[in-house]
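Reviewing the structure listed below.
Note: hydrogens, waters and symmetry copies are ignored here, and every other heavy atom, side chains too, is used. We name chains A, B, ... by the order of the sequence lines, and we start the count at 1 in each one. The model shown is predicted, which means the values in this text are computed figures rather than measured ones.
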Amino acid sequence: MQILQYTLRRLLYLLPVIFGVSFVIFILFNVVLGDPTPILLGKNATLKQIEELRHQLGLDRSWLMQYLDVVKSAFTFDFGISWSTKQKISDIIISRAYPSLTLTLPAFVISTTFSILISLFVAYYRGRGIDTFVRVLCIALMSISSLVYILFFQWFFAFHLEWFEISGYEPGFPDFLAYTTLPGIIWIVLSIGPDVRFFRTVMLDEIYQDYVRTARAKGLREVTILLKHVLRNALVPIITYVVIQIPFLILGALLLESFFGIPGLGGVILEAINSSDFPVIKAFAILTSIVYIVFNLITDVLYAVVDPRIKLH
Amino acid sequence: MRCFLWGILLTSLLATVSCTKKGGSTGEKVLQLGTPAKVKGFDPIEASDLYSGNEVARVYEGLLQFHYLKRPYELVPNLAAEMPKVSNEGLTYTFKLKKGVLFHDNQCFPGTKGREMVAKDVEYSLKRLADPKLQSKGWWLLDGKIKGLNEWREKYSDAEKVNYEEEIPGMQVLDTYVIQFTLVKPFPQFLYAFAMPFTYVVPREAVEFYGDSFLNNPVGTGPFMTGQYTQANTIIYKKFHKYRDEYYPSEGAEGDEAAGLLKSAGKKIPFVDKIKVTIMPESQPMWLNFLKGNIDAMAIPKDNFNQAMVGGVLNEDFKKKGITEVKKVGLDVTFIAFNHENKLFKNNLKLRAAMSLAFDREFMNKNFYNGISIPAQSIIPPNIAGYIDGYVGPFQNFDLEKAKKLLAEAGYPEGKKLPEITYHFKYDTTGRQNAEAIKQMMGNIGINLKLIGVTWPELVKVVNTKQAMMYGMAWGADYPDAENFLQLLYSPNAAPGSNGSNYNDPEFDKKYEEAVVLPDGPERTKKYEELYKYAAEKVPLIYGFHRVNYVLEHGWFRNYKFIEFDHGVAKYWDIDLEAKDKLKPNL
């Protein structure tokens, strides 16, 4: 009951946030970026044509009316149609989110699971050679640009060894695996460095706590202590770190999608920016904000679930 | 049980992963192409970018097309039965259409059978291009040209619905297969409009049946057809089996026969059964796919140029694999524009000339164009009438001493007393490097450039609002006529029009107006050449390059010839399956 009340109250807080986000987006697109019509009409546009299109797109209306349109779309999720592809924006998001998720979701789950396991392992062997090796390896992995991984892995594993397709995409399981496995591996390699470093620190914070000493004094095996006690107590920061990344999975991985030809949402955003497709950019900005807030809320609620000492007010 | 599930998962993963194809034809001729940009859709009136235009032209067709082999470029009939009859005063164009041309079978037609294309379809398609509600980027092609069309557009710009039934005096359907256009004033370039995707013919039934999603449901008369476009990264086209009898050209330009380009002469087109177009925004995957034989031909990416060409010759290793190269001289010009509404540059020939002389084209060519592009002396590119081969402009060759002298004469010795000059450029890696090089060159004569890197929409905005002091840009030909380049300096086209530098020179305007109304011929060429020289002497822009590249093709790809206006040319291309089976396994 307490969680329900808390959730409802937090959802209510969404309202002013949506107004705020809409306002920032409105200012950004209507004031800072200026008139999109010359881009939409191309290199031979005339002044008259620009005026006509401004009128058709409602850009000559008062700023208040245009702002209210943005607010309305944020509440109704009706973002209209894309100026460049004439598709319904909601359809674009639904159809392109799937390829993004087929790449990011498995990679995210695998990288997070591996990172937690590796961090538990190095926490167990803290201070020893293997711990130092993993830490150095993590820093080395993090120091290399993502572009280098992409270019090298694509050339070596897909082109040279021919283990994977160079690029492309087929929807449907398991067809997409031939195309998403290599970018997925790159995602994992890119994520594992920072993830392991973060999780290891969290584990080590816990491992020196009194309750761990008590557990050892009671004669519990080190593996049991790690899995049953340390991991459970480390869950709060881990949840914060993990859940907050989920909204970005939906948005896809721009570079990976672009290099591997995966028709995901990352590419949609880039295309929209390049073609001044404001309705699409606005829709993504609004959705990202809302999803981010919702996942923040989920994180808070999960705190109470995993740690009964935390009370939600 | 868990082990079993893991086993299944791993097996399926390995099975899918290990199925990367090594070649081996299926007996079906599939043309494999790559394109670097997303295709916006399949509505001809929206086909403003090169890549969308290419895809539109596989499905739709226009009344005219460019001869695939002949150079200089020559218009020939496509949906038209013959070239139009033009009245003596150059005002009336009468097109006779081919009979028996069918639209693709589609559910928009009764019984899903495609019907015959007629003159009414041409009229309807052009009205769509002019429809104020649709705001096509291609409206400029017809703007102010056809009698009564602007009035029609004006009349319905504020109305709720546009009346397509209303007759337009300058667009008359004379019978089922004949349509006549009457122009407001002579404009010989008018014919080029009918070879551009904007004017390609669409059936009214499809537009009305699909409504807003017509863009993604192409129904044309072209040699290939495709289903609903889902904005996916791969587009598959199938041969249209009811395509009318069309044949590969029997005549070509000099050297075409020796190059084997006339081997298919007189054969029925199209040759391939399918076209697979894959969208690859990054150059590495496209290049690797080409090297593996998953793409039949592609232009060499900038970063791979030295891998492919050694000392201007194709790499031996590539030759052994059956790869050949085709030179591609683009009808374009890159330039650095001055804003002539800025008092610093307006009527200040010496300053502009000094900056042009300080611009080291040799250095830029070597570092940014692999040393193969053509330094531009003026605004008209090679291979079209008006370009003067061998002409060297007075201020277009790098000369630092002369530049310093002119700068001093302009009142700014060693750049002293000059206000800060800003240079806007499209921000990306190459854009930044390019801008830094220009800053360095101007610094050599004492001019300090402040670089401002912006996104493409921002660059267009500052140019259109006349806020950019100097900026970098390029212009590609819409059609092979010098008018298309010279109009960049014509004052009525000032920003937000195509004259983004806002150059305003009554003498230039007068010469331009005299030239563009003339029919193609020696008199017009002479006038274009005068304008070419004038535009070099007055330095309204710092001219950069006419870009050159090479297209590489695999040994099984047949009939490829570079054509600047390559809309719809896939119908001439062929795949030699025997050669493919032999060559692809060795890649």
Minimum heavy-atom distance between A:Leu151 and B:Gln284, given as atom pair plus value
O-NE2, 2.9 Å
Non-hydrogen atoms of A:Ser258 and B:Pro281 that approach each other most closely:
O-CD, 3.6 Å
Side chain, backbone, both or neither of [X] within contact of chain B (heavy atoms, under 4.5 Å):
X        : value
A:Leu270 : neither
A:Ile262 : backbone
A:Ile150 : backbone
A:Ile50  : side chain

With sequence neighbours excluded, residues passing side chain to side chain contact (heavy atoms under 4.5 Å, CB included) with A:Asp60:
A:His55
Should A:Glu52 and B:Arg153 count as side-chain neighbours, where that means a heavy-atom distance under 4.5 Å?
yes
Would a 4.5 Å heavy-atom cut-off, applied to side chains only, mark A:Ser95 and B:Thr230 as touching?
no
OG1/A:Thr85 to CG/B:Leu215 distance, rounded to the nearest 0.5 angstrom?
7.0 Å
Name the region of B:Asn216, side chain, backbone, both or neither, that has any atom closer than 4.5 Å to a heavy atom of chain A.
side chain
Under 4.5 Å from a heavy atom of chain A, the part of B:Asp158 involved:
side chain
Side chain of A:Glu271, backbone of B:Lys40: donor and acceptor closer than 3.5 Å?
no
Side-chain (B:Lys292) to main-chain (A:Phe159) donor-acceptor, under 3.5 angstrom:
yes
Over 12 foreign heavy atoms within 6.0 Å of NZ, B:Lys276
no
